[in-house]
Amino acid sequence: MPETAVHVASGKVREIFELDDERLLLVASDRISTFDVVLPTEIPDKGRVLTGLSGFWFARTREIVPNHLLALRPDGRSTEARRLRMLPIECVVRGYLAGSGWKDYRATGSTSGHDLPGGLRESDRLPSPIFTPATKAQTGHDENISRTDAAQLVGPEHLAEVERIVLELYAFASAYAFERGVIIADTKFELGLDETGALVLADEVLTPDSSRFWPADVYAPGGPQPSFDKQYVRDYCERLGWDKTAPGPELPDEVVSETRTRYVEAFERLTGIRFDDYLADPEVVLR
Ligand code: PZK
């Protein structure tokens with residue numbers, strides 16, 4: 001990292017530094033969270049997998065929407081990005097009924113104002129993907145909001161374009177991933193505005209931390225699905241009987257190495273690129 005990079009923000013598992021007035025450095029750590037708690041044990045290369053996947057998707061979705069990516073650093077975990085004015089909403093797209101979408105549906109029959117057919121089960125595929133904007137909670141959980149509230153936050157003209165863009169991104173990526181055996185049940189995008197007022201895709205995109213990835217070969221709606229990446233960690237935590245409050249448990253070596261393998265497998269399946277080739281030259285994902 002350059003000596004002059006000033007730390008500006010921390011997420012649960014990543015950091016942002018300021019390079020200059022126009023550029024940020026996003027650094028993805030190997031930290032992992034489960035049940036909303038960051039665990040004391042890291043998953044080696046997890047940050048590289050996420051950075052590589054984001055770069056891969058940025059390169060393949062440029063025709064749908066311009067993005068903030070300027071370069072991937074040789075360490076494989078750091079992204080140089082254009083500095084934007086971020087929109088104050090999370091742009092969630094759901095193709096399947098899971099997480100808070102399932103909770104809202106079960107309680108009210110709808111989510112973010114989308115009236116859904118009756119009789120849907122947990123993890124069912126939706127008749128068509130839906131945009132379910134959410135607030136950016138500073139602490140605690142993002143809250144699904146109505147389109148009216150979202151329009152208030154970003155302006156009605158931006159909201160219509162944001163919805164069109166994120167539905168197109170989801171349609172492209174979910175079809176691509178499904179052919180490679182991965183269901184993208186839902187995913188969260190973040191957009192910002194550049195100096196000309198144009199919408200730009202930012203943050204991380206279509207990674208296991210910003211999405212629910214399910215292995216397609218065992219998909220069975222009617223209950224929760226196994227997570228492509230974190231299932232070993234969740235199962236271990238459940239077996240321990242941990243109460244899911246901080247601090248989380250240390251992970252045994254076997255859970256760490258199985259989990260690392262799952263992250264690397266997600267990377268290789270989705271990109272078609274060997275992870276070792278990424279480590280040798282991260283910008284292979286951009287070509
Ligand atoms: C920005 N975050 C979330 C990400 C963290 C926090 N291109 C951009 N321009 C201006 N701001 C942001 C971005 C991006 N991406 C993103 N917060 C600000 C975030 C990574 C680590 F700690």
Side-chain angles (χ1 to χ4, degrees), residues 1-2 4-33 36-39 42-43 45-62 64-73 75-93 133-143 145 150 153-155 158 161-162 165-166 169 173 186-211 229 246 263 282 285-286:
M1 209 199 314
T4 50
V6 172
H7 185 243
V8 289
S10 292
K12 277 198 293 191
V13 301
R14 59 222 179 110
E15 313 289 337
I16 300 194
F17 299 83
E18 185 171 281
L19 293 172
D20 55 42
D21 288 351
E22 279 104 53
R23 297 179 310 142
L24 298 174
L25 190 69
L26 279 61
V27 183
S29 76
D30 291 338
R31 297 193 292 275
I32 186 170
S33 73
D36 285 326
V37 174
V38 177
L39 301 181
E42 297 192 331
I43 305 300
D45 293 325
K46 171 178 176 277
R48 293 190 175 91
V49 164
L50 268 58
T51 299
L53 273 174
S54 273
F56 175 81
W57 291 117
F58 278 133
R60 276 146 193 85
T61 59
R62 306 171 40 187
I64 300 175
V65 59
N67 61 66
H68 76 166
L69 180 100
L70 295 170
L72 295 178
R73 291 266 170 106
D75 68 7
R77 65 172 73 253
S78 307
T79 304
E80 294 178 14
R82 280 197 280 160
R83 196 169 198 167
L84 306 169
R85 275 194 297 134
M86 299 301 290
L87 300 185
I89 59 169
E90 312 268 19
C91 302
V92 178
V93 181
T135 57
K136 292 189 187 183
Q138 293 308 317
T139 56
H141 263 156
D142 297 342
E143 189 189 346
I145 56 176
L153 287 168
V154 307
H158 284 321
E161 196 187 351
V162 164
I165 289 167
V166 298
L169 289 169
D186 52 45
T187 192
K188 179 200 80 180
F189 298 105
E190 298 213 26
L191 290 105
L193 299 168
D194 70 10
E195 60 290 346
T196 74
L199 284 166
V200 177
L201 183 61
D203 204 84
E204 61 176 328
V205 287
L206 296 155
T207 72
D209 276 9
S210 66
S211 318
D229 46 300
Y263 277 101
V285 295
L286 307 182

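Numbering of ligands and ligand atoms starts at 1, following listing order. Throughout, numbering of the chain's residues begins at 1 and tracks the sequence.
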Distances for all N or O pairs of ligand 1 and the protein under 3.5 Å?
residue  : atom   : partner : partner atom : Å
ligand 1 : 7 (N)  : H68     : ND1          : 3.0
ligand 1 : 7 (N)  : R82     : O            : 2.8
ligand 1 : 9 (N)  : L84     : N            : 2.9
ligand 1 : 15 (N) : D203    : N            : 3.0

Open item on the list: My understanding is that only residues two or more places apart in sequence, or in another chain, count here; which of them pass side chain to side chain contact (heavy atoms under 4.5 Å, CB included) with N67?
Closed with: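 Scan of N67 (side chain to side chain contact (heavy atoms under 4.5 Å, CB included), adjacent residues dropped) gives F58, R62, L69, L201.
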Task: For R31, all residues meeting side chain to side chain contact (heavy atoms under 4.5 Å, CB included), sequence neighbours excluded - done: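 Checked R31 against side chain to side chain contact (heavy atoms under 4.5 Å, CB included); matches are V13, E15, S29, V38, E42.
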TODO: May I ask you to check whether T196 and D194 show a side-chain donor-acceptor distance below 3.5 Å?
DONE: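 Looking only at side-chain atoms, D194 and T196 do form a donor-acceptor pair, the distance falling under 3.5 Å.
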Open item on the list: Using the salt bridge (charged side-chain N to carboxylate O under 4.0 Å, His left out) criterion, which residues pair with D142? Sequence neighbours excluded.
Closed with: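 Here no residue qualifies.
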Open item on the list: Taking R83 first and then E22, would you say they form a salt bridge - that is, a charged N and a carboxylate O separated by under 4.0 Å?
Closed with: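 Answer for the salt bridge query: no.
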Task: Backbone of T187 reached by a side-chain donor or acceptor of S210 within 3.5 Å - done: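 Not confirmed, S210 side chain does not pair with T187 backbone.
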